[in-house]
Amino acid sequence: MTKEVTVTVCSLHFAEDGQQKAETTYNGEYYEKNGVHYLFFNELQEGFTEPVRNRYTMTAESLEVRRSGPVSANLRFREGERRQSTYQVPWGSLTAVFDTSRVRLDVREDRLEMQVVYRLSLNGEEQAGCDIRVRVEERKKA
């Protein structure tokens with residue numbers, strides 16, 4: 001796969017009050033070294049003028065998400081593990097717990113797809129079941 005890629009992040013959240021689905025697409029950069037896949041992209045979030053810089057580190061067993069900028073966090077997902085992290089936002093910090101039940105990585109010559117399924121708790125309160133899918137494809141030339 002080429003360095004210049006299109007990244008699509010699709011998230012599905014299941015809570016007592018229903019489900020929410022969001023899908024966003026970004027231009028990014030992709031690198032692979034020794035079976036570890038690295039993905040870099042900027043995300044402009046509503047209400048912020050500065051982008052959030054994302055670095056995804058993906059293996060067959062895990063996903064690590066490092067976010068920096070107006071929102072910062074270091075999130076780690078590994079199947080069968082429960083991990084705690086601090087999510088820093090401009091108005092304070094949240095303690096997030098991720099109870100991961102599934103991590104799948106599918107690597108092809110021209111694309112990569114990762115799925116992570118987990119339960120999310122914020123500040124001790126269970127929020128939702130989550131299914132995140134990341135698709136990386138070679139950026140189409142204009």
Side-chain angles (χ1 to χ4, degrees), residues 1-15 17-123 125-142:
M1 189 167 7
T2 62
K3 175 183 168 184
E4 294 180 346
V5 294
T6 299
V7 180
T8 303
V9 179
C10 182
S11 61
L12 189 56
H13 299 273
F14 304 93
D17 59 349
Q19 68 180 27
Q20 290 181 310
K21 183 177 182 177
E23 184 172 298
T24 49
T25 302
Y26 311 95
N27 287 330
E29 294 179 0
Y30 168 81
Y31 304 92
E32 185 272 333
K33 185 175 181 181
N34 298 326
V36 180
H37 306 270
Y38 300 93
L39 183 59
F40 300 89
F41 63 94
N42 288 334
E43 175 183 357
L44 204 57
Q45 292 188 333
E46 189 176 324
F48 298 112
T49 56
E50 181 185 346
V52 175
R53 179 81 174 143
N54 291 282
R55 183 185 88 183
Y56 285 32
T57 304
M58 300 171 278
T59 69
E61 298 83 29
S62 68
L63 168 65
E64 180 179 353
V65 177
R66 286 186 183 251
R67 306 183 83 200
S68 59
V71 173
S72 65
N74 184 12
L75 316 174
R76 296 197 51 152
F77 303 90
R78 184 178 289 274
E79 192 168 308
E81 290 187 6
R82 182 181 180 99
R83 301 234 177 176
Q84 181 174 310
S85 182
T86 301
Y87 214 91
Q88 190 67 44
V89 292
W91 52 88
S93 63
L94 301 167
T95 299
V97 175
F98 306 94
D99 191 0
T100 306
S101 60
R102 181 181 175 103
V103 173
R104 293 290 179 266
L105 178 64
D106 181 21
V107 181
R108 308 271 172 107
E109 186 175 317
D110 61 343
R111 71 182 160 132
L112 173 147
E113 292 183 15
M114 173 142 244
Q115 178 190 28
V116 178
V117 178
Y118 61 94
R119 303 264 338 139
L120 170 66
S121 297
L122 293 174
N123 292 334
E125 293 186 31
E126 187 159 325
Q127 299 295 309
C130 304
D131 184 338
I132 305 295
R133 296 170 192 244
V134 180
R135 186 174 60 247
V136 181
E137 300 172 296
E138 293 181 359
R139 195 175 316 159
K140 304 215 182 336
K141 302 290 182 195

- Task: Not counting sequence neighbours, which residues clear salt bridge (charged side-chain N to carboxylate O under 4.0 Å, His left out) with Arg135? List them please.
- Result: Glu137
- Query: How far does CZ of Arg133 sit from OG1 of Thr8, to the nearest 0.5 angstrom?
  - Reply: 13.5 Å
- Item | Interatomic distance, Gln127 atom CD to Leu120 atom CG [nearest 0.5 angstrom] | 6.0 Å
- Does any non-hydrogen side-chain atom of Asn27 lie less than 4.5 Å from one of Arg139? yes
- Query: Closest heavy-atom contact between His13 and Ala128?
  - Reply: CB-CB, 4.3 Å
- Which value, rounded to the nearest 0.5 Å, describes the distance between Arg66 atom CZ and Tyr56 atom OH? 14.0 Å
- Task: Could you name each residue pair satisfying salt bridge (Lys or Arg N to Asp or Glu O under 4.0 Å) that touches residues 84-97, not counting sequence neighbours?
- Result: none
If you look only at distance, which donor and acceptor atoms sit under 3.5 Å apart when one is on a side chain in residues 93-104 and the other is two or more places apart or in another chain?
residue : atom : partner : partner atom : Å
Ser101  : OG   : Val117  : O            : 3.3
Arg102  : NE   : Gln115  : OE1          : 2.8
Arg104  : NH1  : Glu79   : OE1          : 2.8

- Message: To check you understand the geometry: which heavy-atom pair defines the closest contact between Pro70 and Pro51, and what is its length?
- Response: CD-O, 3.5 Å
- Query: Going by the salt bridge (Lys or Arg N to Asp or Glu O under 4.0 Å) test, which pairs reach into residues 18-45, not counting sequence neighbours?
  - Reply: Glu43-Arg67
- What's the shortest heavy-atom distance between Ser85 and Leu75, and which atoms? OG-CD2, 3.7 Å
- Item | Phe77 side chain near Ile132 side chain, heavy-atom distance below 4.5 Å | no
- Query: Which pairs pass salt bridge (Lys or Arg N to Asp or Glu O under 4.0 Å) with one or both residues in residues 108-123, sequence neighbours excluded?
  - Reply: Asp106-Arg108, Arg111-Glu113, Arg119-Glu126
- Task: Could you please spell out the steps behind the side chain to side chain contact (heavy atoms under 4.5 Å, CB included) verdict for Val134 and Leu39?
- Result: CA-CA 10 Å; Val134 180; Leu39 183 59; 4.1 Å; yes
- Task: Using the test ring pair (Phe, Tyr, Trp, His ring centres under 6.0 Å), find all partners of Tyr26 that sit at least two apart in sequence or belong to another chain.
- Result: Phe41
- Message: Going by the rule side-chain contact (heavy atoms from CB on, under 4.5 Å), which residues pair with Arg76 if we only count those two or more places apart in sequence or in a different chain?
- Response: Glu64, Asn74, Arg78, Arg83
- Task: State which residues pass side-chain hydrogen bond (donor to acceptor under 3.5 Å, both in side chains) with Arg82; sequence neighbours excluded, sorted by chain then number.
- Result: none
- Tyr30: side-chain hydrogen bond (donor to acceptor under 3.5 Å, both in side chains) partners, not counting sequence neighbours: His37
- Message: Applying side-chain hydrogen bond (donor to acceptor under 3.5 Å, both in side chains), can you list everything that pairs with Ser62, at least two apart in sequence or on another chain?
- Response: Thr59
- Query: Would you call the rings of Phe40 and Tyr31 parallel, tilted or perpendicular if under 30° counts as parallel and over 60° as perpendicular?
  - Reply: perpendicular
- Message: Taking side-chain contact (heavy atoms from CB on, under 4.5 Å) as the definition, give me every residue that meets it alongside Ser72, ordered by chain and number, with sequence neighbours left out.
- Response: Gln88
